[in-house]
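Structure first, then comments.
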Amino acid sequence: MHTFVRPSTFTLEDVDRKLKAAKFALPTTQQFSPPDSSSEDGSSPETDYFPEIPSDEVRPLEQCIAIFEKGPRPVSASLALLNDEEIIQLANAGKIAAYALEKLLGMDALERAVRIRRALISRASSTKTLESSTIPLENYDYSRVLGACCENVVGYIPIPLGIAGPLTVDGVSYPIPMATAEGTLVASASRGCKALNAGGGVSTVLTADGMTRGPAIDFPSAVQAGKAKAWVDSEEGHGVLQRAFESTSRFAKLKSLKTALAGRTLYIRFTTTTGDAMGMNMISKGTEKALDALQKRFPEMVVLALSGNYCTDKKPAAINWIEGRGKSVVAEAVIPGHVVKNVLKTTVEDLCNLNIKKNLIGSAMAGSIGGFNAHAANILTAIFLATGQDPAQNVESSMCMTLMEPTNGGEDLLMSVNMPCIEVGTVGGGTVLAPQQGCLEMLGIKGAHPTQPGKNAQTLARIIASAVMAGELSLMSALAAGHLIRAHMTHNRSQVNTPAASAPVTPGPQSNPVLAQLSRSAKAAFSPLTPLSPSMSSTSLNRLRK
């Protein structure tokens, strides 16, 4: 659709003159609002120059550029005088960068910035569908996103949020928030919660708490790299680096340094507590300060990367599985035998046998690292999304070993999950977003703990490990009882996107009476429980059999 452009009655000289007048007349606020004063002839300078125009009409590019470049300041006041299409003109002309729209338009126009960027991207794409797509745009607090969670924002993606449970963890009942688009997942976790609660709930043990960062540092030779390694490993070196590291934050407490050499490259794995934050930014800042101290001792060294993959972040790694990263949690529960039989519809013996053959031996046959479980990532990622965690960290965070064994004379089931690297926080990152804060608030762990730094994040890790156990128990029971496919057919089959019938209708038994009769006869012929149709000739039957 073509946009009508009103012919301008002003020359560029008029623009300059009127803009000079507007600079003195207009207030310097972020959002433009006309002043109350009027000129001698009863009209204010800005309304004389900026006549009201319908929102679907666009002034010439030259006039828009003049308003943008010479209009009132801050620049958001000038842009407030332009409609969306006029700002799109400026962007297409290279006067405005799409990524900077929020900064230019001001904090009072964040949704407008998103709307304009969305139009720019849509019109430059091959499909041109984004501008009018079903991706939601309105009624979102973009101020929480700006500079914190995402860039080049064009809207937001709602994900269904379900509640599993409640689940009793260390004597406290928690609803389990799960953001997911997979049918059966919340229902399955709820069934597991019911079974765990019947045995008194879940008990957890926090075995370690420490986020890691592992820089890569080059030296002129392996000998010099070896000297640096020895110094870092020494009491003196550890003390110097610790003091430098901890000077950057009152929450960052260096717990250990692990070093490794590869030729002339030194890797140092910094492990530190980070309070209630997940801690990547905090530990990166501390590591950088510690490396400055190291360079004073070894000026010839070169820091190749603050992260040299010795951490290891967002990648499967044996070092995380063995030494842990983030919160290391073991969760345990006893499920009474009658619950296994009546709620889970299986037996203790069958569950234990399946767990060994599938989760332990099967994963070992596949060469898995930390994958000794049925679907820990399913539960963990759903809770991550609901509570504002970094979803990419599900790679290492969902490392889990599920164990089952008979107890109490073989009558009951003793179950545990071992998760050595749950990387979570209750402050920073996506936890600043309002819906995610709502989930944390529901759990009673929103923000930093007022008296015990780190306790809220630790509690979240305990809840996640316990919820993973519920998911493991339910899925393993469904597999042992042969109920998995039946459940997915009931809960995980969307009818919304099922293809419509073809038009015209494809010829088949429903539209061809002759073929329909042959089909019915064939079914009868090959069914051992159905007698042959009297009307079916032997010739026809032989033809069908061929």
Side-chain angles (χ1 to χ4, degrees), residues 99-103 105-115 117-118 130 133-164 174-182 185-186 211 251 274-282 284 313-314 326-327 377-395 397-398 422-450 453-461 463-464 467:
Y99 67 83
L101 283 166
E102 287 86 353
K103 179 180 178 181
L105 290 172
M107 293 298 292
D108 294 334
L110 296 182
E111 186 175 297
R112 186 188 187 200
V114 174
R115 182 174 64 248
R117 179 183 298 112
R118 182 167 169 152
L130 177 60
S133 77
T134 56
I135 299 170
L137 162 68
E138 300 174 341
N139 303 317
Y140 194 79
D141 187 357
Y142 292 106
S143 66
R144 295 175 183 251
V145 178
L146 186 63
C149 296
C150 190
E151 300 77 43
N152 282 341
V153 179
V154 296
Y156 55 96
I157 298 293
I159 304 175
L161 176 67
I163 299 293
Y174 294 99
I176 308 299
M178 299 173 63
T180 181
E182 180 181 352
L185 189 60
V186 176
M211 182 49 67
F251 297 109
T274 55
D276 283 302
M278 184 271 286
M280 289 306 301
N281 290 336
M282 185 186 303
S284 295
D313 188 44
K314 301 172 184 175
K327 278 66 175 168
N378 240 344
I379 308 299
L380 178 136
T381 305
I383 300 176
F384 266 34
L385 292 172
T387 59
Q389 310 307 310
D390 186 340
Q393 288 184 321
N394 74 344
V395 175
S397 294
S398 60
I422 303 177
E423 299 161 354
V424 292
T426 56
V427 298
T431 68
V432 305
L433 302 175
Q436 287 80 349
Q437 283 190 347
C439 290
L440 292 172
E441 188 174 36
M442 178 180 65
L443 295 170
I445 53 174
K446 174 185 172 183
H449 193 278
K455 186 175 181 180
N456 280 353
Q458 292 173 356
T459 299
L460 178 57
I463 292 170
I464 289 173

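Hydrogens, waters and symmetry mates are skipped; everything else that's a heavy atom, side chains included, is used. Nothing fancy with the numbering, it's 1 onward along the sequence.
- V432 places a side-chain heavy atom less than 4.5 Å from the side chain of C149.
- Here the shortest heavy-atom pairing between R118 and V154 reads NH1-O, 3.1 Å.
- Rounding to the nearest 0.5 Å gives a distance of 6.5 Å between CE of M211 and NZ of K327.
- Between P391 and F384 the shortest heavy-atom distance is CA-CD2, 4.3 Å.
- Atom CD of Q436 and atom CD of Q389 lie 9.5 Å apart (nearest 0.5 Å).
- In this structure, CG on D276 lies 4.0 Å from OG1 on T426, to the nearest 0.5 angstrom.
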Point to revise | Stepwise side-chain contact (heavy atoms from CB on, under 4.5 Å) check, I383 with I379 | key: CA-CA 6 Å; I383 300 176; I379 308 299; 4.0 Å; yes

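- One N or O on the side chain of S133 and one on the backbone of L130 form a donor-acceptor pair closer than 3.5 Å.
- Remark: T459 pairs with Y174, I445, K455, I463 by the side-chain contact (heavy atoms from CB on, under 4.5 Å) rule, at least two apart or across chains.
- Rounding to the nearest 0.5 angstrom, the gap separating the CD atom in E111 from the CG atom in L105 is 12.0 Å.
- R117 has its side chain within reach of E102: a pair of non-hydrogen atoms, C-beta onward, lies under 4.5 Å apart.
- Summarising the geometry, atom CD1 belonging to I422 is positioned 6.0 Å from atom CD1 belonging to I464; distances are rounded to the nearest 0.5 Å.
- At most 12 heavy atoms of other shown residues, nucleotides or ligands fall within 6.0 angstrom of atom CG in N281.
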Check your understanding: H449 and Q458: side-chain contact (heavy atoms from CB on, under 4.5 Å), yes or no, with the steps?
Key -> CA-CA 10 Å; H449 193 278; Q458 292 173 356; over 6 Å; no

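- Atom CG of L110 and atom NZ of K103 lie 14.0 Å apart (nearest 0.5 Å).
- The minimum heavy-atom distance linking I176 with A467 is given by the pair CG2-CB, 3.9 Å.
- For T431, there are no side chain to side chain donor-acceptor pair (under 3.5 Å) partners two or more places apart in sequence or in a different chain.
- Taking 4.5 Å as the limit, every side-chain heavy atom of T381 sits out of range of all side-chain heavy atoms of S398.
- The closest side-chain heavy-atom distance from V186 to I163 is not below 4.5 Å.
- Under the side-chain contact (heavy atoms from CB on, under 4.5 Å) criterion, P160 pairs with no residue at all, not counting sequence neighbours.
- The shortest distance between side-chain heavy atoms of L146 and S143 does not fall below 4.5 Å.
- Applying the side chain to side chain donor-acceptor pair (under 3.5 Å) criterion to D390, with sequence neighbours excluded, gives K314.
- Remark: Q437 pairs with R144, K446 by the side-chain contact (heavy atoms from CB on, under 4.5 Å) rule, at least two apart or across chains.
- No side-chain heavy atom of N456 sits less than 4.5 Å from a side-chain heavy atom of V427.
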Check your understanding: So T180 and L385, side-chain contact (heavy atoms from CB on, under 4.5 Å) or not? Walk me through it.
Key -> CA-CA 8 Å; T180 181; L385 292 172; over 6 Å; no

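- A pairwise comparison of heavy atoms in E423 and G326 identifies CG-CA, 4.2 Å as the closest pair.
- In this structure, F251 and T274 have side chains that are not in contact, with every pair of non-hydrogen atoms separated by 4.5 Å or more.
- Here the side chains of L161 and C439 are in contact, with some heavy-atom distance below 4.5 Å.
- By the ring pair (Phe, Tyr, Trp, His ring centres under 6.0 Å) test, Y140 pairs with Y142, Y156, sequence neighbours left out.
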